[in-house]
> 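Sharing a structure below in structure tokens format, with a few things to ask.
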Amino acid sequence: MSDPRKLFIKTYGCQMNVYDSERMAEALGPSGYVTTDTPDDADMILLNTCHIREKAAEKVYSELGRLKALKADKPDLKIGVAGCVAQAEGAEILRRQPSVDLVVGPQSYHRLPDLEARARKGEAALDTDFPEEDKFDKLADRPKAKRGPTAFLTVQEGCDKFCAFCVVPYTRGAEVSRPAARLIAEAEDLVARGVAEITLLGQNVNAYHGTGPDGGEWGLARLIRRLAEIDGLERIRFTTSHPNDMEDDLIAAHGDCPKLMPYLHLPVQSGSDRVLKAMNRKHTAAQYVALIDRIRAARPDLLLSGDFIVGFPGETDQDFEDTMELVRTVGYGQAYSFKYSPRPGTPAAERKGQVPAEVASDRLQRLQALLTEQQKARQDAMVGQEVGVLFEKPGRLDGQLVGKSDHLHAVHALAPADLIGKVARVRIVESAPNSLKGALI
Ligand code: SAH
Ligand code: SF4
Ligand code: F3S
């Protein structure tokens with residue numbers, strides 16, 4: 001048999017892309033590929049891309065520029081672009097960067113082996129369809145090899161919400177939920193391979209409505225409760241959720257399903273009703289605050305995470321102050337905030353009143369200062385508390401392990417190596433800038 005070919009995948013963007021990259025590598029196994037961690041010895045390089053903001057998309061073109069040089073030394077090297085830039089720009093990528101051999105959109109990864117064969121023969125290999133069939137049904141079975149203690153599992157893809165600023169409904173297509181029976185089987189398989197924590201993924205994960213094994217429709221809470229029955233699966237998380245899909249049984253699960261971790265990423269984007277309306281978020285700031293109150297009533301120690309956009313077209317100083325006020329009211333333990341980036345083809349890009357860059361930068365700085373302060377306070381408040389920590393790997397110091405707490409804080413502690421992959425009880429003794437120090441109980 002000939003030596004395996006080497007595949008290097010570089011992943012940008014959200015966790016969904018991380019999961020997809022794993023599945024793409026597996027899909028190309030039967031074509032003779034094994035993965036490598038460096039582009040230098042690769043026979044094929046795939047960029048799994050993100051289109052969410054202009055910077056993200058531009059990164060891809062600068063990387064392609066660099067890869068062109070690699071190809072000059074190695075003419076057999078194949079370069080592919082997958083993910084959301086592939087979907088959004090399609091054939092334009094081949095025109096703009098002729099060194100690219102293959103372009104594949106997120107819903108067509110099951111067609112990769114065929115596209116790869118075409119690219120090898122020097123034929124055009126472009127597929128940005130939204131096929132009828134579900135890619136996950138058609139992808140090769142997953143390998144049985146042991147793996148690390150945490151894994152992602154995509155349960156739902158696509159988005160029907162059409163927030164005015166966002167490209168995702170165009171790059172990932174309409175909402176599709178995978179059948180629960182397949183997800184249960186995949187989760188059982190992951191646990192058998194050493195996984196103790198699964199994060200369920202979806203662009204709108206709480207809009208999940210898959211067919212249950214009983215033929216009925218299952219929501220996310222039902223799926224979580226069923227997955228919680230798997231022996232050896234210690235922890236369940238999910239991301240990203242939309243406030244309008246936070247149904248009662250999901251809120252209740254935060255209170256009564258011990259394997260569901262006390263962490264919730266629930267983006268609000270803005271605290272101004274005017275801006276929320278223009279964004280097409282379909283809820284008000286007060287409704288969001290009331291929702292958070294209900295979730296915290298179910299799980300008082302919940303750590304809340306959010307996303308914010310500043311400088312949305314038409315955002316006034318007062319609108320921005322409303323966002324600051326909402327942040328003060330809610331209190332976030334983790335947050336991501338962005339300057340609005342106009343995306344081609346989205347309604348917001350056509351709106352009047354684009355906010356000057358300096359104004360947006362100034363707002364971003366103020367918002368981030370507030371969020372950083374809240375994040376630090378939440379982390380510092382863990383000192384003295386007892387938490388579960390899933391140890392993932394050795395730490396920097398001798399005898400140390402690092403892992404994540406229930407609330408997703410990074411924790412390091414002196415602990416025996418055989419605790420890797422296990423959840424241990426730890427008392428937090430110190431709060432460092434980006435992690436906590438703990439002692440085994
Ligand atoms: N499905 C998720 C978000 C996916 S995108 C949700 O609805 O919350 C992740 C984050 O990127 C968004 O929450 C938003 O804060 C940010 N984002 C999306 N489009 C953007 C744009 N055009 N400019 C700036 N930030 C954007
Ligand atoms: Fe984008 Fe809105 Fe859908 Fe989230 S809910 S993916 S922000 S359109
Ligand atoms: Fe980016 Fe696509 Fe994810 S645009 S954030 S990679 S869904």
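Heavy atoms only: backbone and side chains are in, while hydrogens, waters and symmetry mates are out. Positions are given from 1, in the same order as the sequence printed here. First listed ligand is number 1; within each ligand, the first listed atom is number 1. Model, not experiment: these values are computed from the prediction.
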> Within a distance under 4.0 Å of any heavy atom of Arg343, pick out the atoms of ligand 1 and give their elements.
22 (N)
> Looking only at protein heavy atoms, which one is nearest to atom 15 (O) of ligand 1, and what is the separation?
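Of the protein heavy atoms, Gln269 OE1, 2.7 Å lies nearest.
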> Can you see whether Thr150 engages Glu197 through a side-chain donor-acceptor pair at a distance of less than 3.5 angstrom?
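No, no side-chain donor-acceptor pair sits under 3.5 Å.
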> Name the orientation class of the two ring planes belonging to Phe162 and Tyr170 (parallel below 30°, tilted from 30 to 60°, perpendicular beyond 60°).
perpendicular
> Do any of the N/O/S atoms of Cys14, backbone or side chain, fall under 2.8 Å from atom 1 (Fe) of ligand 3?
no
> Where is the nearest protein heavy atom to atom 24 (C) of ligand 1: which residue, which atom, and how far?
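Going atom by atom, the protein heavy atom closest to atom 24 (C) of ligand 1 ends up being Lys339 O, 3.4 Å.
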> Counting heavy atoms only, which of Gln203, Arg343, Arg53 is nearest atom 7 (S) of ligand 3?
Gln203
> Quick one: pull up CG in Asn206 and CD1 in Ile224 and give me the separation to the nearest 0.5 Å.
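One gets 9.0 Å once the value is rounded to the nearest 0.5 Å.
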> Can you list the ligand 3 atoms lying under 4.0 Å from a non-hydrogen atom of Asn17?
6 (S)
> Are His110 and Asp137 linked by a side-chain donor-acceptor pair shorter than 3.5 Å?
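Checked: His110/Asp137 side chains show no N/O donor-acceptor pair below 3.5 Å.
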> Taking the six-membered ring of Phe338 as reference, does the cationic atom of Arg53 (NZ for Lys, CZ for Arg) lie under 6.0 Å from its centre and within 45° of its axis?
yes
> Under 4.0 Å, counting heavy atoms only: does His265 come that close to any atom of ligand 1?
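No, His265 has no heavy atoms under 4.0 Å from ligand 1.
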> Among residues two or more places apart or on two chains, list those pairs meeting ring-ring contact (aromatic ring centres under 6.0 Å, His included) that have a residue in residues 4-35.
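Applying ring-ring contact (aromatic ring centres under 6.0 Å, His included) to every pair that reaches into residues 4-35, excluding sequence neighbours, yields Tyr19-Phe136.
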> Under 3.5 Å between some N or O of ligand 1 and some N or O of Ile309?
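Between Ile309 and ligand 1, no N or O pair is found under 3.5 Å apart.
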> At less than 4.0 angstrom from any non-hydrogen atom of Cys50, what atoms of ligand 3 do you find?
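What qualifies from ligand 3 is 1 (Fe), 4 (S), 5 (S), 6 (S).
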> Within the protein, is there a heavy atom lying under 4.0 Å from atom 20 (C) of ligand 1?
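Yes.
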> Under 6.0 Å from the six-membered ring centre of Tyr332 and within 45° of its axis: does the NZ or CZ of Arg378 meet both?
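Geometry flag: not set, cation outside 6.0 Å or 45°.
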> Under 3.5 Å, is there a donor-acceptor pair linking the side chains of Asp301 and His407?
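The criterion, which ignores hydrogens and geometry beyond distance, is satisfied for His407 and Asp301.
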> Using a 4.0 Å cutoff against the non-hydrogen atoms of Cys84, which atoms of ligand 3 qualify?
2 (Fe), 4 (S), 6 (S), 7 (S)
> Check Asp76 with Lys71, please: is the shortest side-chain N to carboxylate O separation under 4.0 Å?
no
> With a 4.0 Å cut-off on heavy atoms, does Asn48 reach ligand 3?
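For ligand 3, residue contact (heavy atoms, under 4.0 Å) with Asn48 is absent.
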> Would you mind checking which non-hydrogen protein atom is closest to atom 16 (C) of ligand 1, with the distance to 0.1 Å?
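Ranked first by proximity to atom 16 (C) of ligand 1 is Arg53 NH1, 3.2 Å.
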> In the protein, what heavy atom is nearest to atom 23 (N) of ligand 1, and what distance, to one decimal place, separates them?
Ser341 N, 2.9 Å
> Check whether any side-chain heavy atom of Gln354 lies under 4.5 Å from a side-chain heavy atom of Tyr340, and answer yes or no.
yes
> Between the side chains of Asp273 and Thr284, does any donor sit under 3.5 Å from an acceptor?
no
> Suppose I only count heavy atoms of Thr49 and a 4.0 Å limit; which atoms of ligand 3 are within that range?
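Once the distances to Thr49 are compared, the set is 6 (S).
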> Tell me the contacting part of Phe338 for ligand 1: side chain, backbone, both, or neither, using a 4.0 Å heavy-atom threshold, strictly below.
side chain
> Is it the side chain (CB and beyond), the backbone, both or neither of Pro267 that lies under 4.0 Å from ligand 1, heavy atoms counted?
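Side chain only.
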> Flag the pair His254 / Phe238 as yes when their ring centroid distance falls below 6.0 Å, and as no otherwise.
yes
> Looking only at protein heavy atoms, which one is nearest to atom 1 (N) of ligand 1, and what is the separation?
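Closest protein heavy atom to atom 1 (N) of ligand 1: Gln203 O, 2.6 Å.
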> When Phe152 is tested against each of Met16, Arg237, Glu22, Gln15 for side-chain contact (heavy atoms from CB on, under 4.5 Å), which residue passes?
Gln15
> What residue and atom, counting heavy atoms only, is the protein's closest point to atom 6 (C) of ligand 1, and at what distance?
Thr240 CG2, 3.8 Å
> Is Met16 near ligand 3, meaning one of its heavy atoms is under 4.0 Å from it?
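For ligand 3, residue contact (heavy atoms, under 4.0 Å) with Met16 is absent.
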> Just to confirm my output: which protein heavy-atom neighbour is closest to atom 9 (C) of ligand 1, and how far is it?
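Ranking protein heavy atoms by distance from atom 9 (C) of ligand 1, first comes Asp307 OD2, 3.7 Å.
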> With heavy-atom distances below 4.0 Å as the criterion, list the atoms of ligand 1 near Tyr340.
23 (N), 24 (C)
> Would you check if there is a donor-acceptor pair between the side chains of Thr11 and Asn48 at a distance under 3.5 Å?
no
> Is it true that Arg5 and Glu116 have a side-chain N and a carboxylate O under 4.0 angstrom from each other?
yes
> What residue and heavy atom of the protein are closest to atom 7 (O) of ligand 1, and at what distance?
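Checked against all protein heavy atoms, atom 7 (O) of ligand 1 sits closest to Arg281 NH1, 3.6 Å.
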> Establish, from distance only, whether the side-chain atoms of Lys339 and Ser361 form a donor-acceptor pair under 3.5 Å.
yes
> Quick one: does Ile52 get a heavy atom under 4.0 Å from ligand 1?
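Judged by the 4.0 Å heavy-atom criterion, Ile52 does count as contacting ligand 1.
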> Report all protein residues having a heavy-atom distance below 4.0 Å to some atom of ligand 2; order the list by chain, then number.
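Within 4.0 Å of ligand 2, the protein residues are Cys159, Lys161, Phe162, Cys163, Phe165, Cys166, Val168, Pro169, Asn204, His242, Arg281.
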> Between Ser337 and Gln368, is there a side-chain donor-acceptor contact under 3.5 Å, judged purely by atom types and distance?
yes
> Going by distance alone, is a donor N or O of one side chain under 3.5 Å from an acceptor N or O of the other, for Tyr288 and Gln269?
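No, no side-chain donor-acceptor pair sits under 3.5 Å.
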> If you have a sec, work out which protein heavy atom is nearest atom 4 (S) of ligand 3 and how many Å separate them, to one decimal?
His51 N, 3.3 Å
